[in-house]
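What follows is a short report on a single structure.
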Amino acid sequence: MADGAGALDPGGQLAAAASDCVHCGFCLPACPTYQLWGEEMDSPRGRIHLISQVLDGAPVTEKVTTHLDRCLGCMACMTACPSGVRYNELIEAARAWPEEALSGADPAPEPAAARSVRDRAVRAAIFATFPYPKRLRALTGPLRLARRAGLDRLALRGAAARYAPELAGSLRLAPRSAAGPGRLPARIPARGPRRAVVGMLTGCVQRVFFGDVNAATARVLAAEGCDVIVPPGQGCCGALSLHSGRPAEAARFAERTIAEFEQAGVDAIVINSAGCGSAMKEYGAFFGRAAGGERDALAARAAAFSGRVRDFSEFLAELYREHGGPRAVRQELRAITAYHDACHLAHAQRIRQQPRDLLRGIPGLDLIEVGDGGTCCGSAGVYNLLQPEAAAELGLRKAAALRATGARLVVSANPGCSLQIAAALTGDGGDPVVVAHIAEVLDASFRGRPLSALGVTAC
């Protein structure tokens, strides 16, 4: 291994993970970008081959970076892989290489070729905005006004689509309506005898675009006997940074998140965003890989923290199993409903059955399976901003699969998926379909509210 490549993988863990790939091809039909283009280098095994070449001393060129950037990070390949390849670790590490190349830490003789100036500027703007709710909130008003004025449609057809596709993508995805409730109380008491004390992450995109989801999550947890603690000092969990090859930035966000919830003294940390939950469950492994000296204590804290992280549906399933079943009474909700498997829930966290069980527990709800095998919708964190054309194509495919179910209600467990799917269903010209979070649907059932309150027409 070349000296520069050794600096990228000092312990040899990446090379070992890459060597687990036997190039069997089981990942190919599971990979959305291979489905789109049929290009070997845009498949998981192709990207692993590129990663292995870099670890053997090849430069991180713009071509290599392009294929790595085209990966959605959906982890469908990990579900399909019979060899247990840790693709998540490989792609997260490899995505950091262009950044390291630009700082002179890469073996490439011309490190600046790894990313264009324009690409770096776009990424800098995204990561200076999305992990910071106040900054993100400041942009929502102008984006909504632009959509209402029809500028999103003009952008998709005009010069912006060619010269500023990221801007056109932002306009397409921006919510049309204002966000719901703002800051939640620091403590929401359990209804009836307390069964657990849980912390709740409010998130960045979730907090700004989907305040109603956070409010519904807190009400559902309280109705099921949980004191809900909402640490007021919490910020970004670092998921977007971790999954986009910005490990130092992710570490700062993660360390702050760990400290905030440690002070809260909760039994579990409940997450209503699949991408955030996936990242927070990775904290232990993430800091463990960087452990040594003073970092050992942080790695131990991170591992203990990750052990208490639960997805919303996962937590309710455990609560029911350990404390005598559901407490809240479910009222009837009649709707043909499709559940969308968020990639970071189904593939990264292997949580598929729990949300379906929760939905099937609602009287009258007709749950229909989507016939696309759970293929990614194209959201994938900030992928739909950085790779808008591929994301739009995947969004249209997802919209077609959802419409084939006849559903009037689509249920998701991730804010990025909700934005992406809502935009695709609006843009395909079909009948209106409402996209809601599973917490909102449960909350409506618990409170006896009709689905029309979420915008669902009778079906």
Revision key, fill the gap. For residues 65-81, the salt bridge (Lys or Arg N to Asp or Glu O under 4.0 Å) pairs (sequence neighbours left out) are Asp42-Arg70, Asp69-Arg115, Asp69-Arg123
Exercise for review: Measure the CD-OG1 distance between Gln234 and Thr257 for me, rounded to the nearest 0.5 Å.
Suggested key: 7.5 Å
Practice item. Please check if the side chain of Asp366 supplies one atom and the backbone of Ala335 the other of a donor-acceptor pair under 3.5 Å. Key: no
**Study point:** Residue pair Ile368, Tyr339: steps toward the side chain to side chain contact (heavy atoms under 4.5 Å, CB included) verdict
**Key:** CA-CA 7 Å; Ile368 306 296; Tyr339 173 71; over 6 Å; no
Practice item. For the pair Arg135 and Thr129, evaluate side chain to side chain donor-acceptor pair (under 3.5 Å) and give the outcome as yes or no after the intermediate values. Key: CA-CA 6 Å; Arg135 301 177 193 177; Thr129 306; over 6 Å; no
Point to revise | Gln420 side chain to Ala391 backbone, donor-acceptor under 3.5 Å | key: yes
Review point. Is any side-chain heavy atom of Ile362 closer than 4.5 Å to a side-chain heavy atom of Leu442?
Key: yes
Review point. Judged by modelled atom types alone, do Asn272 and Thr217 share a side-chain donor-acceptor pair under 3.5 Å?
Key: yes
**Study point:** Test applied, salt bridge (charged side-chain N to carboxylate O under 4.0 Å, His left out); reference residue, Glu314; option that passes from Arg350, Lys281, Arg308, Arg352
**Key:** Lys281
**Study point:** Salt bridge flag under 4.0 Å for residues Asp372 and Lys398
**Key:** yes
**Study point:** Gly374 backbone acceptor or donor facing Asp341 side chain under 3.5 Å
**Key:** no
Review point. If you look at every heavy atom in Thr405 and Ile336, which pair is closest and at what distance?
Key: O-CG2, 4.1 Å
Check your understanding: Are Val411 and Glu440 close enough, and set up right, to give a side chain to side chain contact (heavy atoms under 4.5 Å, CB included), and what steps lead you there?
Key -> CA-CA 9 Å; Val411 179; Glu440 293 180 292; over 6 Å; no
Check your understanding: Is the backbone of Leu240 close enough, under 3.5 Å, to the side chain of Ser244 for a donor and an acceptor to pair up by distance?
Key -> yes
Review point. Side-chain donor-acceptor pair under 3.5 Å between His340 and Ser412, yes or no?
Key: no
Point to revise | Test: Glu39 and Arg45 ion pair at under 4.0 Å | key: no
Study note, to complete from the structure: CZ of Phe305 to CD of Glu255, rounded to nearest 0.5 Å, is 12.0 Å
Practice item. Check Ala96 against Pro247 and note the closest heavy-atom contact, atom names and distance. Key: CB-CD, 3.8 Å
Study note, to complete from the structure: Shortest non-hydrogen pair, Pro415 vs Val205, comes out as CB-CG1, 4.0 Å
**Study point:** Check: His243 ring centroid to His344 ring centroid under 6.0 Å
**Key:** yes
Check your understanding: Donor-acceptor pair, Ser19 side chain versus Ala16 backbone, under 3.5 Å?
Key -> yes
Review point. Can you list every ring-ring contact (aromatic ring centres under 6.0 Å, His included) pair that touches residues 389-410, not counting sequence neighbours?
Key: none
Practice item. Check whether more than 12 heavy atoms from other residues, nucleotides or ligands sit under 6.0 Å from atom CZ of Phe26, and answer yes or no. Key: no
Point to revise | pair Cys237-Tyr283: side-chain heavy atoms closer than 4.5 Å | key: yes
Exercise for review: Indicate the atoms forming the closest heavy-atom contact of Phe209 with Leu419, along with that distance.
Suggested key: CD1-CD1, 3.6 Å
Check your understanding: Can you check whether Val64 reaches Trp97 side chain to side chain, under 4.5 Å on heavy atoms?
Key -> no
Point to revise | Pair Arg256 + Glu260: basic N to acidic O under 4.0 Å | key: no
Review point. Is the backbone N or O of Leu367 less than 3.5 Å from a side-chain atom of Arg356, with the two atoms forming a donor-acceptor pair by type?
Key: no
Point to revise | Between CE on residue Met41 and OH on residue Tyr34, distance to nearest 0.5 Å | key: 10.5 Å
**Study point:** From CA spacing to verdict: side chain to side chain contact (heavy atoms under 4.5 Å, CB included), Val220, Leu316
**Key:** CA-CA 10 Å; Val220 168; Leu316 287 180; 4.1 Å; yes
**Study point:** Ser83 (side chain) donor-acceptor with Val85 (main chain) under 3.5 angstrom
**Key:** no
Practice item. Examine distances only and state if a side-chain atom of Asp9 and a backbone atom of Ala15 form a donor-acceptor pair shorter than 3.5 Å. Key: yes
Review point. Do you know the tightest heavy-atom contact between Asn384 and Gly378?
Key: CB-O, 3.5 Å
Exercise for review: Kindly write out the residues that satisfy side chain to side chain donor-acceptor pair (under 3.5 Å) with Glu92, not counting sequence neighbours, or none if the list is empty.
Suggested key: none
Practice item. Could you tell me how the ring of Phe253 sits relative to the ring of Tyr132: parallel (under 30°), tilted (30 to 60°) or perpendicular (over 60°)? Key: perpendicular
Practice item. Keeping the roles fixed (side chain from Arg47, backbone from His67), state whether a donor-acceptor pair exists under 3.5 Å. Key: yes
Check your understanding: With distance as the sole test, does Arg95 use its side chain to make a donor-acceptor pair with the main-chain N or O of Thr65 at under 3.5 Å?
Key -> no
Exercise for review: Begin from the C-alpha positions of Met280 and Ile269 and carry the test side chain to side chain contact (heavy atoms under 4.5 Å, CB included) through to its verdict.
Suggested key: CA-CA 10 Å; Met280 293 166 74; Ile269 300 100; 4.0 Å; yes
Exercise for review: Provide the closest heavy-atom pair for Ser379 versus Cys417 in the form atom of the first, atom of the second, distance.
Suggested key: OG-N, 3.7 Å
